[in-house]
Asks: 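Quick one: the structure is below, and I'll ask about it shortly.
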Amino acid sequence: DKPCRRLFLDYQGLRILSQWMQDLEWSLPELDFKLMIQNLLADLPIPHRTMLKDSKVWSTMQLWSLATPDDPTPSLSPGKSSNSKQSRKTSPKSSSSKAAPQSSSSNSTSNDPTPPSGSGSSNHTPTS
C-alpha cells in the first residue's frame with residue numbers, strides 16, 4: 001500500500017484530486033466523498049505543505065472549512081490566509097528585532113557597572 005500511495009503523489013495524484021475536490025457541492029453523497037478524501041489525505045505520505053499548496057488541495061481544504069450550504073464558496077478565505085501569513089511573517093521579525101536590543105541592553109546593563117565611567121571617558125576621547 002505505501003509504495004502505491006507514494007506513486008500516487010509522484011504521478012500528480014494530488015492535482016487530479018484537487019480538481020475533483022473543487023467540483024464537490026453539498027449533496028449527501030458528495031459530503032460522504034469529501035470525508036473519504038479527507039481520510040485519504042490523512043493516509044498519504046505527504047512530505048511537506050508545499051506539495052498541498054502547489055496542487056491547490058490546501059486552498060480547497062481551507063474553503064471547505066469555511067464553506068456553508070448558503071455560501072459554498074466563501075471568497076474571504078484566500079485573502080485572510082495570505083494576510084495572516086504576512087502578519088505572522090512580520091510579527092516574528094519585529095519580535096526578534098525587539099528581543100535582540102533588549103537582550104543586548106540587558107547584557108550591557110549587567111556589564112555597565114564597571115564600564116560607565118570607562119565608556120563615558122571613551123565617548124569623550126573620540127569627540128575630542
Side-chain angles (χ1 to χ4, degrees):
D1 260 3
K2 193 171 185 175
C4 292
R5 292 177 186 157
R6 185 67 204 161
L7 286 172
F8 177 81
L9 294 175
D10 290 344
Y11 289 104
Q12 305 300 318
L14 287 177
R15 290 187 189 271
I16 296 168
L17 189 62
S18 73
Q19 291 301 314
W20 288 351
M21 292 169 66
Q22 292 172 10
D23 293 337
L24 294 175
E25 294 181 6
W26 285 89
S27 70
L28 189 56
E30 289 177 337
L31 290 174
D32 286 337
F33 191 53
K34 285 182 180 183
L35 289 174
M36 289 191 309
I37 289 172
Q38 289 178 353
N39 290 332
L40 169 73
L41 290 171
D43 289 338
L44 289 175
I46 301 169
H48 45 79
R49 188 185 316 176
T50 305
M51 186 177 279
L52 293 172
K53 288 184 175 183
D54 289 346
S55 65
K56 299 186 180 172
V57 169
W58 185 267
S59 60
T60 304
M61 290 299 292
Q62 285 180 326
L63 286 174
W64 283 5
S65 70
L66 298 174
T68 64
D70 297 331
D71 186 15
T73 55
S75 61
L76 299 176
S77 177
K80 284 184 179 178
S81 66
S82 63
N83 288 341
S84 63
K85 288 177 194 171
Q86 289 173 355
S87 65
R88 287 181 189 166
K89 288 180 183 177
T90 320
S91 299
K93 288 179 185 175
S94 61
S95 299
S96 63
S97 64
K98 287 180 183 176
Q102 290 173 354
S103 62
S104 64
S105 302
S106 61
N107 288 343
S108 62
T109 308
S110 63
N111 294 335
D112 278 349
T114 17
S117 59
S119 65
S121 62
S122 65
N123 285 342
H124 292 289
T125 306
T127 309
S128 304

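The chain is numbered in sequence order, starting from 1. Note that the coordinates shown come from a computational prediction; the quantities given were computed from them, not determined experimentally.
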Asks: Once rounded to the nearest 0.5 Å, what's the spacing between atom CZ of F33 and atom CE of M21?
Replies: 9.5 Å
Asks: Report yes if some heavy atom in the side chain of M61 is under 4.5 Å from a heavy atom in the side chain of Q38; otherwise report no.
Replies: yes
Asks: Using side chain to side chain contact (heavy atoms under 4.5 Å, CB included), reason through L66 and D71 one step at a time and then give a plain yes or no.
Replies: CA-CA 9 Å; L66 298 174; D71 186 15; over 6 Å; no
Asks: Considering non-hydrogen atoms only, spot the tightest contact between W64 and L24 and give its length.
Replies: CZ2-CD1, 3.9 Å
Asks: Looking at R6 and I46, would you say the former's side chain and the latter's main chain have a donor-acceptor pair under 3.5 Å?
Replies: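 Answer holds: no.
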Asks: Tell me if the NZ atom of K56 is crowded by more than 12 foreign heavy atoms within 6.0 Å.
Replies: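 Not more than 12 within 6.0 Å, no.
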Asks: To the nearest 0.5 Å, tell me how far L41 CG sits from W58 CH2.
Replies: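 CH2 of W58 is found 11.0 Å from CG of L41.
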Asks: Does atom CH2 of W26 have more than 12 heavy-atom neighbours from other groups under 6.0 Å away?
Replies: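 Check passes, neighbour count above 12.
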Asks: Calculate, to the nearest 0.5 Å, the distance between atoms CG and NZ belonging to L14 and K53 respectively.
Replies: 14.5 Å
Asks: Please name the pair of heavy atoms, one in R15 and one in D54, separated by the smallest distance, quoted to 0.1 Å.
Replies: NH1-O, 3.3 Å
Asks: Give the cluster check for I16 versus M36: same hydrophobic cluster or not, with ILVMFWY residues linked at side-chain heavy-atom distances below 4.5 Å.
Replies: yes
Asks: So does S55 get a backbone contact from the side chain of S18, meaning a donor-acceptor N/O pair under 3.5 Å?
Replies: yes
Asks: Can you name the nearest heavy-atom pair linking P45 to L9, along with the distance?
Replies: O-CD1, 3.3 Å
Asks: For V57 and I37: C-alpha separation, side-chain torsions, deciding distance, then whether side chain to side chain contact (heavy atoms under 4.5 Å, CB included) applies.
Replies: CA-CA 10 Å; V57 169; I37 289 172; over 6 Å; no
Asks: For E30, check side chain to side chain donor-acceptor pair (under 3.5 Å) against everything at least two apart and list the hits.
Replies: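 With neighbours one apart ignored, the set is S27.
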Asks: Please examine the side chains of L40 and L17, heavy atoms only from C-beta on, and report whether any two atoms are closer than 4.5 Å.
Replies: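 L17 reaches L40 side chain to side chain.
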Asks: For R5, check salt bridge (charged side-chain N to carboxylate O under 4.0 Å, His left out) against everything at least two apart and list the hits.
Replies: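 Testing R5 for salt bridge (charged side-chain N to carboxylate O under 4.0 Å, His left out), a comparison that skips the adjacent residues, returns D1.
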